[in-house]
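I have placed the structure first, in the form of structure tokens, so that the comments after it can refer back to it.
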Amino acid sequence: MDLPKSFQNIFKYPGRKNIFLLLIIWMAAIITVNPIGNFPLNDDWAYGQNVQTLVEEGRLHFNDWLVMTLVAQVLWGGLFCFIFGFSFTILRISTLVLAFGGIWACYHCFYELSRKHQLSFWATLLILFNPLFFSLSFSFMTDVPFFSTFMLSTLFFFRAIKDNRIKDIALGSFFAIFCTLIRQPGLLIPLVFGIVYFFKNLNFSSLIKAGLPLVLTFLVMMVFIEWLDASQGVIDNYGRPSLLMDRLLNSNLWYNMRGRTGIFLFYWGLFLLPLSLLLLPYQKKLKSKGSILGIILVGLLIFFAAKPVWPYIPSGNIFYNLGLGPKLLQDGHNGLNLNPSLSITTWNIIKAFGFFGAWLLIWMVWNQVLNFLTNLKAWDPIQWIQIGSGLVILIFSGYLYIDYLSWDRYYLLLIPFWGFLIMPANIPSLKRKTLIPYLLIFIFLAGFSIAATHDYLAWNRARWAAINKLTIEKNISPNRIDGGFEFNAFNNTGPRHPLSRMGRSWWFVGEDEYLISFGEVSCYEKIDSIPFSSYLPPREDHIYILQSPIYSVIDSFFCDSESLTEDKLAFVHSSDLFRFENGDRQDSTYAFSGKYSSKLNVEFPYGFTFRLRDVEPCERIFVSFWRYAESGDSKAGISFSSPEGSFFSDFQNEPVQKLEKGWELFHHEVYIPETYFGKEVLIFVWNPPPSEETWVDDIKVIRRR
């Protein structure tokens, strides 16, 4: 039986054959993982809400979680949901479709540089199974849509640099606009294209062609931001260009470089190690002093970058000990019940591979730089493209240094650009033996990506089955459940709480009478479980439904700072069971109510100190107060600890409400550990240096048991 002619044509051309093979591999991997499940993952609950509003109400409206432009991704997801109906499964499929567009673009970018279909296939396959790219493709997070549109824009700008075609500039500009309307850093690709294109051609016509994509992309982004601000307003940390400048001027750049460089190099070195080993035999060998000096300098750079971060790797939001996540249930978020896990020795071996890969990567880049310097007057288009790739790496790395967050998923974008940069010119056909080291490491990476992503989806399906048991079968209100970040955030079950291992989860939990977990949790009783199959390792695992004891208030105290005891050393309050010490801090400069408050400064940083007696394991202690600082930048918070400070301690200073007059409400609840056998807890307000002078008033304490 003959295949249709159009189907036969696929196999006539190596490029089409390889793209078709990549598509088959991609489809097989999707089926193996199984993307089905109407539940959000990570932050995509917020992005899904925006699509839901568009589909069900016919309007664009963005929630307060928005810090990126996002609109293009909302429209993309909305297109799928208009056809198939809204669900997170459909949104996940929309990302998987766009992800393959990024794979297609990566393949052709590698081919533009190497002109070798076989090499382009192996390089692209490494991107496809990169753990960050692969796992994030099974969500509606912005990372993969941003990556894919960035790579599509990159492809057409590469072609424009080589062939000077207006069509390629137009297509590159279109995808640059699409990309920037997902995340603002999409501006980077038309910026770099403009620089490279102009300096390659150096004429007036090239100036217009170089500048127009950047101008158009920036104008479209600013029009959207102005529309958004006028139609609904934007939150303070929304990613405006002015905010980027503020971060650049105010960030501790040296501190971030010292703390993040090693982490960057580990991830890039590890994930590109197969490609580096594949290309190593084809590097042009330079025996100059510069090449030898480069080996030494690169080794020193890697050593000094790795040393301060070695204990903290892996560090990020997606890649953890032996899995891909994040595991945003209370126990997982606090580092408990994270099974399975690799030993410290195994992780040290992985770290060594990662930093060896980084050394190899940077040495190969050094070699490329030396090659460029030997031929300054006659750079060909391929070298100009590689210069552009280097600029993308430098500028985006600078952005990663000044950004206040540094999640591992942010490093994904630069992985193919490092590959472009180390691609040697005029490479011959690959020999089979050169593929052996590539395949040995690639098999582990691909297997890990598939297994860990499968498990991530599997335990989430079990998690939501457990939630449905509570909310649908038992008719329990979501406000009484800590079902993990995505559940509580999507259902808006309560206020945001301080980040703490000893209190309620920070993610908008109302009451945590019921808890969804990976295992046993102190002060909770296991009442049910939901099984799921795990690939890593192969086994049956469980998600658990836990319930806390029924609590009732046993004591409540209040102090308004107005009256002092006879010795003037303590505040008078509503109970005789203990003393609020630090009465000598009483001050009348500012007060939330009445005439007085407690003034804390660098010299006298402690206030409202007291000891609770007869404390029992699993007791819950709630403290609230109002604070004020003239600068509006108070760091004062509440500290809980055992009297000797060795068994447990907890400090929180994040306000939950701000008034126009400058007063901020702070509250925090601590759960005494089940293993705590002391009888006292020391509690006090602390204004840590170098915090501004702070006035504290109206402290309230509630004990539940």
Side-chain angles (χ1 to χ4, degrees), residues 13-23 26 98-130 132-133 137 144-165 167-176 178-179 186 188-193 195-197 200 213 268 271-272 274-276 278-279 361 364-365 368 380-393 395-396 411-427 430:
Y13 306 100
R16 293 182 187 176
K17 174 184 172 182
N18 287 342
I19 291 294
F20 183 74
L21 184 55
L22 287 168
L23 178 60
W26 185 237
L98 197 52
F100 191 76
I103 292 300
W104 179 88
C106 282
Y107 178 90
H108 287 287
C109 284
F110 280 116
Y111 183 73
E112 291 294 333
L113 285 157
S114 68
R115 310 308 294 180
K116 294 290 184 292
H117 286 292
Q118 186 186 17
L119 176 58
S120 301
F121 173 80
W122 291 113
T124 305
L125 196 63
L126 188 63
I127 303 297
L128 188 155
F129 282 113
N130 175 271
L132 300 176
F133 177 84
S137 295
V144 168
F146 174 73
F147 174 92
S148 294
T149 50
F150 198 99
M151 295 313 303
L152 285 162
S153 180
T154 298
L155 169 62
F156 291 108
F157 282 144
F158 276 6
R159 289 176 174 175
I161 291 169
K162 288 181 68 176
D163 302 324
N164 294 315
R165 291 184 301 194
K167 178 182 76 171
D168 291 325
I169 296 176
L171 286 170
S173 302
F174 170 79
F175 285 110
F178 196 145
C179 181
L188 174 59
I189 189 59
L191 170 65
V192 169
F193 164 75
I195 294 170
V196 172
Y197 190 84
K200 174 180 175 287
W268 292 329
F271 293 151
L272 281 161
L275 183 62
S276 299
L278 181 63
L279 295 177
L361 190 64
M364 292 168 78
V365 171
Q368 290 285 61
D380 59 35
I382 299 300
Q383 289 174 305
W384 279 106
I385 287 173
Q386 290 180 311
I387 289 169
S389 299
L391 283 175
V392 170
I393 291 171
I395 298 172
F396 195 76
Y411 317 154
L412 169 63
L413 179 69
L414 295 188
I415 290 173
F417 287 92
W418 281 106
F420 303 154
L421 201 55
I422 64 175
M423 193 70 64
N426 302 317
I427 184 171
L430 294 175

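What you see is a predicted model, and the numbers here were worked out from it, not measured in a lab. Only this structure's heavy atoms are used, side chains among them; waters, hydrogens and symmetry mates stay out. The first residue in the sequence is number 1, and the count goes up from there.
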Open item on the list: Is there a side-chain contact between F158 and S389 in this structure, where contact means two heavy atoms from C-beta onward sitting under 4.5 Å apart?
Closed with: yes

Open item on the list: Under a 3.5 Å distance rule, please check whether K200 uses its side chain to pair with a backbone N or O of W384 as donor and acceptor.
Closed with: no

Open item on the list: Main chain of Y411, side chain of W268: is a donor-acceptor contact present, judged purely on distance under 3.5 Å?
Closed with: yes

- [ ] Answer with yes or no after comparing the ring centroid distance for F420 and F417 against a 6.0 Å cut-off, counting only values under it.
- [x] yes

Task: Nearest heavy atoms of F110 and M423, plus distance in Å - done: CD2-CE, 3.3 Å

TODO: Evaluate the side chain to side chain contact (heavy atoms under 4.5 Å, CB included) criterion for residues L98 and V144: first the C-alpha distance (whole Å), next the side-chain angles of each, then the deciding distance (0.1 Å), finally the verdict.
DONE: CA-CA 8 Å; L98 197 52; V144 168; 5.8 Å; no

Task: Qualifying residue for side chain to side chain contact (heavy atoms under 4.5 Å, CB included) with F121, from T124, L119, L125 - done: L125

TODO: Begin with the C-alpha distance, continue with both residues' side-chain angles, and end with the deciding distance and a verdict on side chain to side chain contact (heavy atoms under 4.5 Å, CB included) for I382 and K162.
DONE: CA-CA 7 Å; I382 299 300; K162 288 181 68 176; 4.2 Å; yes

- [ ] Would you name the heavy atoms of A99 and S148 that are closest together and state the gap between them?
- [x] CA-OG, 3.5 Å

TODO: Report yes if the side chains of L22 and F100 come closer than 4.5 Å at any heavy-atom pair, otherwise no.
DONE: yes

- [ ] For the pair L275 and W418, evaluate side chain to side chain contact (heavy atoms under 4.5 Å, CB included) and give the outcome as yes or no after the intermediate values.
- [x] CA-CA 10 Å; L275 183 62; W418 281 106; over 6 Å; no

Open item on the list: As an exercise, state the distance from CD1 of I195 to CD1 of I395, rounded to the nearest 0.5 Å.
Closed with: 5.5 Å

Open item on the list: Any heavy-atom pair between the side chains of I19 and H108 that's under 4.5 Å?
Closed with: yes

Open item on the list: Could you check whether any side-chain heavy atom of F147 comes within less than 4.5 Å of a side-chain heavy atom of P416, counting everything from C-beta outward?
Closed with: yes

Open item on the list: Main chain of L113, side chain of Q386: is a donor-acceptor contact present, judged purely on distance under 3.5 Å?
Closed with: no

Open item on the list: Can you tell me how the ring of Y197 sits relative to the ring of F193, calling it parallel under 30°, perpendicular over 60° and tilted otherwise?
Closed with: tilted

Open item on the list: Is it the case that the side chain of N18 and the backbone of H117 share a donor-acceptor pair, with hydrogens and angles ignored and the cut-off at 3.5 Å?
Closed with: yes

Task: Side-chain heavy-atom pair F157, V192 within 4.5 angstrom cut-off - done: no

Open item on the list: Between F271 and L412, is there a side-chain heavy-atom distance shorter than 4.5 Å?
Closed with: no

Open item on the list: Using every non-hydrogen atom in the two residues, find where A160 and I169 come nearest and quote the distance to one decimal.
Closed with: CB-CG1, 3.6 Å

Task: Nearest heavy atoms of C109 and T154, plus distance in Å - done: SG-CG2, 4.1 Å

TODO: Please answer whether the main-chain N or O of T149 pairs with a side-chain N or O of S153 as donor and acceptor at a distance below 3.5 Å.
DONE: no

Task: W122 and L430, any side-chain heavy atoms less than 4.5 Å apart - done: yes

TODO: Determine, step by step, whether C179 and I189 satisfy the side chain to side chain contact (heavy atoms under 4.5 Å, CB included) criterion, reporting the C-alpha distance in whole Å, the side-chain angles of both residues, the deciding distance to 0.1 Å, and the verdict.
DONE: CA-CA 9 Å; C179 181; I189 189 59; 5.7 Å; no

Task: Interatomic spacing from CE in M151 to OH in Y107 - rounded to 0.5 Å - done: 14.5 Å

- [ ] Kindly compute the distance separating CG (D168) from CZ (R159), expressed to the nearest 0.5 Å.
- [x] 6.5 Å

TODO: Hey, could you give me the CG/CG distance between L278 and L126, rounded to the nearest 0.5 Å?
DONE: 9.5 Å

Open item on the list: Treating Q368 as the side-chain partner and Q383 as the backbone partner, does any N or O pair qualify as donor plus acceptor under 3.5 Å?
Closed with: no

Open item on the list: With a 4.5 Å cut-off on side-chain heavy atoms, are F133 and I415 touching?
Closed with: no

Task: Interatomic spacing from CG in L421 to CD1 in I385 - rounded to 0.5 Å - done: 12.5 Å

- [ ] Any chance you could measure W26, atom CH2, to F129, atom CZ, to the nearest 0.5 Å?
- [x] 8.0 Å

